[in-house]
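One structure is given here, and the rest of the page talks about it.
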Amino acid sequence: MHKVVRPKMLYFGTPVVLISTLNPDGTPNVAPMSSVWWLGEFCVLGLSTASRTVENLARHGECVLNLPSQDLVGAVDRLALLTGSDPVPPYKARMGYRHEPRKFEAAGLTPVPSEIVAPPRILECPVHLEAKVLGIRGVGGDESPLVAIETRVLRVHIEERLMMERAGDYIDPELWNPLIMSFCDFFGLGGKLRPSRLAEAWRPGQPTTTPTPGS
Ligand SMILES: Cc1cc2nc3c(=O)[nH]c(=O)nc-3n(C[C@H](O)[C@H](O)[C@H](O)COP(=O)(O)O)c2cc1C
């Protein structure tokens, strides 16, 4: 049986991204977000305009999409109720957010220089995607504070231990443990469910896994 409901949000589980941007005074800001998807070398970010991050992206147009693994959940949670915006937008103040100009320090994260863009990468994250903004468009009409930000990924940095031991730049999905936000809670991935025919088509010549019973 299914039931018709009106949930407050439709966050059915996407990876957490720590997006670093540059403040007007040149200091870095970092914010957790998870309304994100990739298509080829492009990445689309769903963000509220009531954030320092969107101001920074509209003004400066560069960012790093740092992907935390599950073990960084504590650092992500320390950033959860912080904003680089000053003053804090009223609805965020009501929710308990506070202004924090030094979020790297507050979260215990280490900034390292990027190679192409100005905002720093986050040392502790195994994946860094240097990116630039291609366009920003409203989502939900004139009254909505939401925007979709289209970016192009310019450079990809991956922790070496996540790479497959074979020719070609293949990241091993068995070794990558993304942090997932489902509704407002943190999750990791469970184990692989079964071999994927798509994986075999993308990586010909390498069995995707030992076949499981019943597969
Ligand atoms: C795990 C997690 C995921 C989030 N995902 C989003 C998101 O996808 N879009 C968004 O606008 N805000 C999201 N937020 C809220 C932002 O982090 C929040 O607006 C924050 O104040 C932004 O920081 P800034 O104002 O310094 O840019 C998320 C927060 C957490 C903790």
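Numbers here simply count residues along the sequence, with the first being 1. When a ligand or atom number is given, it counts from 1 through the structure's own listing order.
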Side-chain donor-acceptor pairs of residues 135-147 under 3.5 Å, sequence neighbours excluded:
residue	atom	partner	partner atom	Å
Ser144	OG	Val139	O	2.6
Ser144	OG	Leu146	N	3.0

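By the 4.0 Å N-to-carboxylate-O rule, Glu200 lies too far from Arg197 to be salt-bridged with it.
Residue pairs satisfying the ring pair (Phe, Tyr, Trp, His ring centres under 6.0 Å) criterion with at least one member in residues 182-203, sequence neighbours excluded, are listed as follows: Phe12-Phe183. For residues 28-51, the set of pairs meeting the salt bridge (Lys or Arg N to Asp or Glu O under 4.0 Å) definition, not counting sequence neighbours, comprises Glu41-Arg152.
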Could you walk me through whether Thr21 and Glu62 pass the side chain to side chain donor-acceptor pair (under 3.5 Å) test, one step at a time? CA-CA 7 Å; Thr21 55; Glu62 293 182 349; over 6 Å; no
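Seen from the ring of Tyr170, Arg166 counts as a face-on cation partner, given the 6.0 Å and 45° thresholds.
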What short N/O contacts, under 3.5 Å, does ligand 1 make with the protein, listed by atom pair and distance?
residue	atom	partner	partner atom	Å
ligand 1	5 (N)	Ser34	N	3.0
ligand 1	8 (O)	Ser34	N	2.9
ligand 1	8 (O)	Ser35	N	2.7
ligand 1	8 (O)	Ser35	OG	3.0
ligand 1	9 (N)	Gly46	O	3.0
ligand 1	11 (O)	Ser48	N	2.8
ligand 1	14 (N)	Pro32	O	3.4
ligand 1	17 (O)	Pro32	O	2.7
ligand 1	19 (O)	Lys92	NZ	2.7
ligand 1	21 (O)	Leu82	O	3.2
ligand 1	21 (O)	Lys92	NZ	2.8
ligand 1	23 (O)	Lys103	NZ	3.3
ligand 1	25 (O)	Arg52	N	3.0
ligand 1	25 (O)	Thr83	OG1	2.6
ligand 1	26 (O)	Asn29	ND2	3.0
ligand 1	26 (O)	Gly84	N	2.7
ligand 1	26 (O)	Lys103	NZ	2.6
ligand 1	27 (O)	Arg52	N	3.3
ligand 1	27 (O)	Thr53	N	2.8
ligand 1	27 (O)	Thr53	OG1	2.5

